2 protein chains.
Amino acid sequence: MSAVKKILIADDEPDILEILQFNLQKEGYNVITAKNGDEAIEQAKKHQPDLIILDIMMPGKNGIEVCNILRQQPAFYATLIIFLSAISDEGTEVWGLETGADDYVTKPITPKVLVSKVNALFRRLTKGETAIIQIGDLKIDREKYIMNYQGNDIILARKEFELLALLASKPGKVFLRNEILNQVWGTEVIVGDRTIDVHIRKIRQKLGLDCITTVKGVGYKFEL
Amino acid sequence: MSAVKKILIADDEPDILEILQFNLQKEGYNVITAKNGDEAIEQAKKHQPDLIILDIMMPGKNGIEVCNILRQQPAFYATLIIFLSAISDEGTEVWGLETGADDYVTKPITPKVLVSKVNALFRRLTKGETAIIQIGDLKIDREKYIMNYQGNDIILARKEFELLALLASKPGKVFLRNEILNQVWGTEVIVGDRTIDVHIRKIRQKLGLDCITTVKGVGYKFEL
DNA sequence: AAATCGCTTAACAATTTGATAATACAAGGA
DNA sequence: TCCTTGTATTATCAAATTGTTAAGCGATTT
């Protein structure tokens with residue numbers, strides 16, 4: 001999964017084709033178009049798009065047929081497919097989805113909504129790759145529970161990790177002591193005021209790096 | 001991933017809750033319900049569902065709020081979320097999708113269509129999952145229930161196998177004790193706290209290999 | 001029927017973490 | 001300068017968490 005996603009749109013109405021193409025390109029996608037089913041198959045084979053948007057009603061092969069044909073080939077086993085249709089007939093929609101489509105969108109549809117759906121699909125696809133916060137040389141991996149500074153892993157205890165992760169989630173922002181207590185300790189638990197300081201100190205010590213600034217009378221902020 | 005998918009439905013209308021629950025259960029899903037936003041969050045944390053269906057309009061926290069809260073937690077970073085809404089307002093739909101939902105469904109909706117959508121989402125998710133995991137010299141065949149390290153087969157008991165397979169499914173990721181319990185033991189069974197430890201110990205022993213790291217207060221992770 | 005296996009639990013040891021108290025330090029105002 | 005307020009440092013102790021071992025029990029095998 002690399003940089004620019006390729007999207008193939010197949011629809012027999014030039015207007016729709018154009019407006020969708022325009023909007024998707026504006027989002028940074030690489031758009032290919034086709035005017036009918038056969039052309040869609042041809043283009044799909046040629047470009048191997050990441051996503052195919054198929055109008056159901058098209059001259060020649062209709063969208064569902066195209067989907068079936070493509071899905072039979074290993075190369076398109078995992079390709080995203082969205083059906084586009086004027087029919088809001090329940091049976092067709094269910095059929096479309098069971099055929100192996102990833103979404104089914106009924107016309108009339110606004111470009112914005114379609115773009116959102118497309119984004120959502122790609123977002124889902126890319127998930128699973130870990131979400132790490134990266135600030136300068138400091139990497140914070142919430143999933144692996146690891147901090148890494150200039151290549152060296154830093155082991156922090158739970159509270160320390162959560163505290164630093166909170167501060168680093170918005171570099172520059174000053175977190176009030178109350179805010180910190182609520183986020184890290186929760187509203188139930190009540191702990192003394194010095195507790196935060198002590199943890200801050202331990203973090204500073206373990207990081208050996210002056211990235212947490214004290215704002216007297218207010219709170220703390222993270223800044224590299 | 002365990003066989004049966006868990007779905008959490010949150011809606012304040014008992015009728016809808018019931019009809020969706022019925023239809024999804026008929027499809028073989030394990031369904032949990034919640035009557036409002038707060039309950040949804042609670043249940044989500046408790047059961048770690050694979051999919052969450054959220055009504056947007058609910059008393060207390062609304063669906064979008066719930067989604068935001070959950071998405072902030074690493075445990076729900078990749079959980080599927082579908083919004084359910086009576087509003088067919090374009091702005092809301094776009095907003096919902098950009099918030100991190102995987103689909104947005106407008107009421108009135110027939111159970112059939114929803115079920116199809118759910119199936120489609122899971123189908124997509126399962127694509128690309130392999131039965132054989134290979135990490136370094138360690139091979140794990142989930143289907144044959146066989147582990148092999150440097151050419152030697154390793155015999156693990158079922159729970160041990162599933163536990164290690166789970167940890168190894170995402171090397172580096174820290175699995176919370178809850179996560180482990182849900183995935184390996186399921187939500188029904190309740191077992192004592194030391195049970196996990198004992199299995200971990202046996203795995204460590206049998207593998208004779210220091211590949212499972214304890215993250216105190218958090219969970220365990222696999223790393224070669 | 002005896003032996004074995006897999007799973008869970010109890011009991012206790014070992015370890016780590018987190019909160020607090022006590023004390024020192026810094027900056028601003030009277 | 002001397003308070004006052006707010007933060008830093010350090011050591012200490014209690015609580016939380018995990019490791020280890022042995023034992024119990026039901027299911028399966030011999």
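The structure presented is a predicted model; accordingly, all values stated were derived computationally and were not measured. Per chain, numbering begins at 1; letters A, B, ... match sequence-line order. Heavy-atom basis, side chains included; hydrogens, waters and symmetry copies ignored.
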Below 4.0 angstrom from OP1 or OP2 of [N], is there any side-chain N or O of [X]?
X: A:Trp185; N: C:dG18; answer: no
X: A:Arg158; N: D:dA16; answer: no
X: B:Tyr220; N: D:dT17; answer: no
X: B:Thr195; N: C:dT9; answer: yes
X: A:Arg204; N: D:dA8; answer: yes
X: B:His199; N: C:dG6; answer: no

Upstream residue (5' side of DNA chain D) when B:Gly217 and B:Val198 are each assigned their closest nucleotide
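Here B:Gly217 is the residue nearer the 5' end.
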DNA chain D: A:Gln205 or A:Val218, which has the more 5' nearest nucleotide?
A:Val218
Just how far is it from atom [atom1] of [X] to atom [atom2] of [Y], taken to the nearest 0.5 Å?
X: A:Trp185; Y: A:Leu163; atom1: CH2; atom2: CG; value: 5.5 Å
X: A:Asp137; Y: A:Lys139; atom1: CG; atom2: NZ; value: 9.0 Å
X: B:Arg204; Y: B:Glu160; atom1: CZ; atom2: CD; value: 13.0 Å

In terms of heavy-atom contacts, does NZ of A:Lys173 have more than 12 from other residues, nucleotides or ligands at under 6.0 Å?
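Check passes, neighbour count above 12.
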Starting at atom [atom1] of [X], determine the distance to atom [atom2] of [N], rounded to an integer number of angstrom.
X: A:Leu163; N: C:dG18; atom1: CG; atom2: C1'; value: 13 Å
X: B:Asp193; N: C:dA10; atom1: CG; atom2: P; value: 11 Å
X: A:Leu181; N: C:dA19; atom1: CG; atom2: C1'; value: 12 Å
X: B:Leu176; N: D:dT17; atom1: CG; atom2: P; value: 13 Å
X: A:Lys202; N: C:dT17; atom1: NZ; atom2: C1'; value: 7 Å
X: B:Ile212; N: D:dT18; atom1: CD1; atom2: C1'; value: 14 Å
X: A:Tyr145; N: C:dT16; atom1: OH; atom2: P; value: 17 Å
X: B:Ile190; N: C:dT8; atom1: CD1; atom2: P; value: 13 Å

Nearest-nucleotide pick for B:Lys159, side chain only, options being C:dG18, C:dC7, C:dA21
C:dC7
Between B:Gly192 and B:Ile155, who's closer to the 5' end of DNA chain C by nearest nucleotide?
B:Ile155
Note: for B:Arg194 and B:Ala157 on DNA chain C, the residue whose nearest nucleotide lies more 5' is B:Ala157
Does the B:Asn62 side chain pair with the main chain of B:Met58, one donor and one acceptor, at a distance under 3.5 Å?
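Checked: no pair found.
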Strictly by modelled atom types, are A:Ser116 and B:Glu93 linked by a side-chain donor-acceptor pair under 3.5 Å?
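No, B:Glu93 and A:Ser116 have no side-chain donor paired with an acceptor closer than 3.5 Å.
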Regarding A:Thr214, tell me which of base, sugar-phosphate or nothing describes its non-hydrogen contacts under 4.0 Å with the strands shown.
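Contact class for A:Thr214: sugar-phosphate only.
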So what does A:Lys216 touch, heavy atoms closer than 4.0 Å: a base, only the sugar-phosphate, or nothing?
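Result for A:Lys216 = base.
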